[in-house]
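Read through the structure below, which is laid out as structure tokens, and then see the notes.
Given the structure is predicted, the values throughout are model-derived calculations rather than measurements.
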Amino acid sequence: MKKNILIIPGDGIGQEVTTWGKQVLEAVAQKYNHEFVFDEAIMGHTAIEATGNPLPDETLEKAKASDAILFGAIGHAKYDNDPSAKVRPEQGLLKIRKELGLYANLRPILLFDELLDASSLKPEVLRGTDILFFRELTGDVYFGEKRRNEDNTFASDLMNYHRYEVERIARKAYDAARTRNKKLCSVDKANVLETSRLWREVVQEIAQEYPDVETEHMFIDNAAMQLVKNPKKFDVVLTANLFGDILTDEASQIAGSMGMLASASIGDGTGFFEPIHGSAHDIAGQNKANPLASILSAALMLDIAFGLQEEAKLVTTAVADTLKAGWRTGDIANAETASNNLLGTNEMGAKVLEFIK
């Protein structure tokens, strides 16, 4: 198989972790005799510093020409502390999602037994959890009209959804539910928001096409509570952009760390694969970042973008074997592993490569 893969390291630790996602893809290609051709591009703060644009035209052109994209992270503290900044790194991420038609964000909450003690939740609450989130990605308040009055005393963000936007992600979520435990929970705020009422109406209609899938509707506030109280009750979770952003970050505590969670943003063309963690500039360049989410994002690429299930399983098994051997980065270490088996970014990535090879 020959595929063109674009690497966009982005900002902060993104530049460190994508190195290992790429090396894993290279190792898989060598082992299975595939040909992966790599190119690289800039986006986010790095691109603003170089060009003044968070998503340069050259990056977008390369993205559209590729078969899949491995992304690192985006953001910088200077923008967090300056809400008035007109040009921001995140604008690049929102634009590339829109330009590539990436309307569905898939976030599997993959829990490794070896990390049960890395979470702040009790092991008996967590054990057996397996959740697949479907977060709508190109609608909602993130893309609605934004206004602020001249005297800076009022601001608004328009939350909106079109029927087709809900229909297309709902069908993807129901298709996935059929391959799992045939359970789907749709999360909204239909008791308050008109957009959520449309969301629930459309999901109820789509549910009729999938009579074999059990459908549950849940308000966002209850879902946020149930996710930490009884995460095993969820299988496939379908939700809007804003709610999905919050819930999936909350769910990182189930896996032990944001450094363990991969995601795939897909539509009808090029897929975009990335860890869910941020740019973490406080540890950037210090060999402290956890590369496993980027490596697992590479596994998602192999599976979802290329249909290489055996190769994807090899990567996830290599991550599991690394953890079973006791190796940890700082974000997933406990007192015992911190003193004996604590590794940096590069050493952890190298351990996974050893198990792959």
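There is a side-chain donor-acceptor pair under 3.5 Å between Thr329 and Asn290. No side-chain donor from either of Asp188 and Ser196 sits under 3.5 Å from a side-chain acceptor of the other. If you check the side chains of Tyr142 and Asp157, you find no donor sitting under 3.5 Å from an acceptor. A donor-acceptor contact closer than 3.5 angstrom links the side chains of Thr153 and Asn149.
Counting heavy atoms of neighbouring residues, nucleotides and ligands inside a 6.0 Å radius, atom NZ of Lys288 does not exceed 12 of them. No more than 12 heavy atoms of other residues, nucleotides or ligands lie within 6.0 Å of CD in Gln30, so this atom counts as exposed by the packing criterion. More than 12 heavy atoms of other shown residues, nucleotides or ligands fall within 6.0 angstrom of atom NZ in Lys232. Applying the 6.0 Å contact sphere to CD of Glu58 captures no more than 12 heavy atoms from other residues, nucleotides or ligands. More than 12 heavy atoms of other residues, nucleotides or ligands lie within 6.0 Å of CG in Asp282, so this atom counts as buried by the packing criterion.
Nearest heavy-atom pair, Ala27 versus Leu353, reported as atom, atom and distance to 0.1 Å: CB-CD2, 3.8 Å. Shortest non-hydrogen contact noted between Met43 and Asp11 is O-OD1, 3.6 Å.
Of the possible donor and acceptor atoms, none in the side chain of Asp39 sits under 3.5 Å from a partner among the backbone N and O of Leu6. For the pair Ser294 (side chain) and Val17 (backbone), a donor-acceptor distance under 3.5 Å is present. Judged purely by atom type and a 3.5 angstrom limit, His281 uses its side chain to pair as donor or acceptor with the backbone of Gly75. In this structure a side-chain-to-backbone donor-acceptor pair under 3.5 Å is present from Asp67 to Asn4. Side chain of Ser263 to main chain of Pro275: no donor-acceptor pair is present (N/O by atom type, distance under 3.5 Å, no hydrogens or angles). Under the 3.5 Å distance criterion, the side-chain polar atoms of Gln91 are matched with a main-chain donor or acceptor of Arg88. Using modelled atom types, no side-chain atom of Thr46 and backbone atom of Ile42 make a donor-acceptor pair closer than 3.5 Å. Between the side chain of Arg328 and the backbone N or O of Leu343 there is no donor-acceptor pair closer than 3.5 Å. Remark: the backbone N or O of Leu242 is paired with a side-chain donor or acceptor of Asp140 at under 3.5 angstrom. Within the 3.5 Å criterion, the main-chain N or O of Ala73 finds no donor-acceptor partner in the side chain of Ser279.
A cation-pi arrangement is not found for Lys3 relative to Phe36, the charged atom failing to lie both closer than 6.0 Å to the ring centre and inside a 45° cone about the ring normal. Under a cutoff of 6.0 Å and an axis angle of 45°, Lys22 and Phe38 form a cation-pi pair.
Between the CE atom of Met348 and the CG atom of Asn287 there is a distance of 12.0 Å, given to the nearest 0.5 Å. Here CG of Leu116 is found 10.5 Å from CG of Leu121. Values are rounded to the nearest 0.5 Å. For the atom pair CZ (Arg200) and CE (Met218), the distance works out to 10.0 Å, reported to the nearest 0.5 Å. Once rounded to the nearest 0.5 Å, the distance linking CD of Glu311 with CD1 of Ile356 reads 11.5 Å. Going from atom CG of Asn53 over to atom OG1 of Thr59 covers 8.5 Å, rounded to the nearest 0.5 Å. Rounded to the nearest 0.5 Å, atoms CE (Met258) and CD1 (Ile276) are 5.0 Å apart.
Using a 4.5 Å heavy-atom threshold, the side chains of Lys31 and Lys357 count as separate. No side-chain heavy atom of His277 sits less than 4.5 Å from a side-chain heavy atom of Leu261.
Residue pairs meeting the side-chain hydrogen bond (donor to acceptor under 3.5 Å, both in side chains) criterion with at least one partner in residues 96-115, sequence neighbours excluded, are Lys64-Glu99, Tyr103-Asp268, Asn105-Arg107, Asn105-Ser265, Arg107-Thr248. Applying the side-chain hydrogen bond (donor to acceptor under 3.5 Å, both in side chains) test to pairs two or more places apart or on separate chains, those with a residue in residues 295-308 are Asp303-Gln309. Residue pairs meeting the ring-ring contact (aromatic ring centres under 6.0 Å, His included) criterion with at least one member in residues 154-209, sequence neighbours excluded, are Tyr161-Trp199, His162-Tyr164, Tyr174-Tyr210.
Ion pairing between Glu216 and Lys233 holds under the 4.0 Å rule for side-chain N and carboxylate O. With respect to the salt-bridge test (charged N to carboxylate O, under 4.0 angstrom), the residues Arg163 and Glu205 qualify. Note on Glu209 versus Arg171: salt bridge recorded, some NZ/NE/NH1/NH2 to OD/OE distance being below 4.0 Å. The pair Glu347-Lys351 does not count as a salt bridge, with every side-chain nitrogen at least 4.0 angstrom from each carboxylate oxygen.
Residues forming a salt bridge (Lys or Arg N to Asp or Glu O under 4.0 Å) with Glu194 (at least two apart in sequence, or on another chain): Arg197. Every residue two or more places apart in sequence or in another chain was checked for a salt bridge (Lys or Arg N to Asp or Glu O under 4.0 Å) with Glu61, and none qualifies.
Clustering ILVMFWY residues whenever any of their side-chain heavy atoms sit less than 4.5 angstrom apart, transitively, puts Leu323 in the very cluster that holds Val24.
Under the 30°/60° scheme for interplanar angles, the aromatic rings of Tyr32 and His34 are found to lie parallel.
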I'd like a table of donor-acceptor pairs (distance under 3.5 Å, sequence neighbours excluded) in which one partner is a side-chain atom from residues 122-132, with atom names and distances.
| residue | atom | partner | partner atom | Å |
| --- | --- | --- | --- | --- |
| Thr129 | OG1 | Leu126 | O | 2.6 |
| Asp130 | OD1 | Arg180 | NH2 | 3.4 |

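The aromatic ring centroids of Phe71 and Phe273 lie 6.0 Å or more from each other.
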Test log, rule side-chain contact (heavy atoms from CB on, under 4.5 Å), inputs Val236 and Lys183 = CA-CA 6 Å; Val236 172; Lys183 290 174 57 181; over 6 Å; no
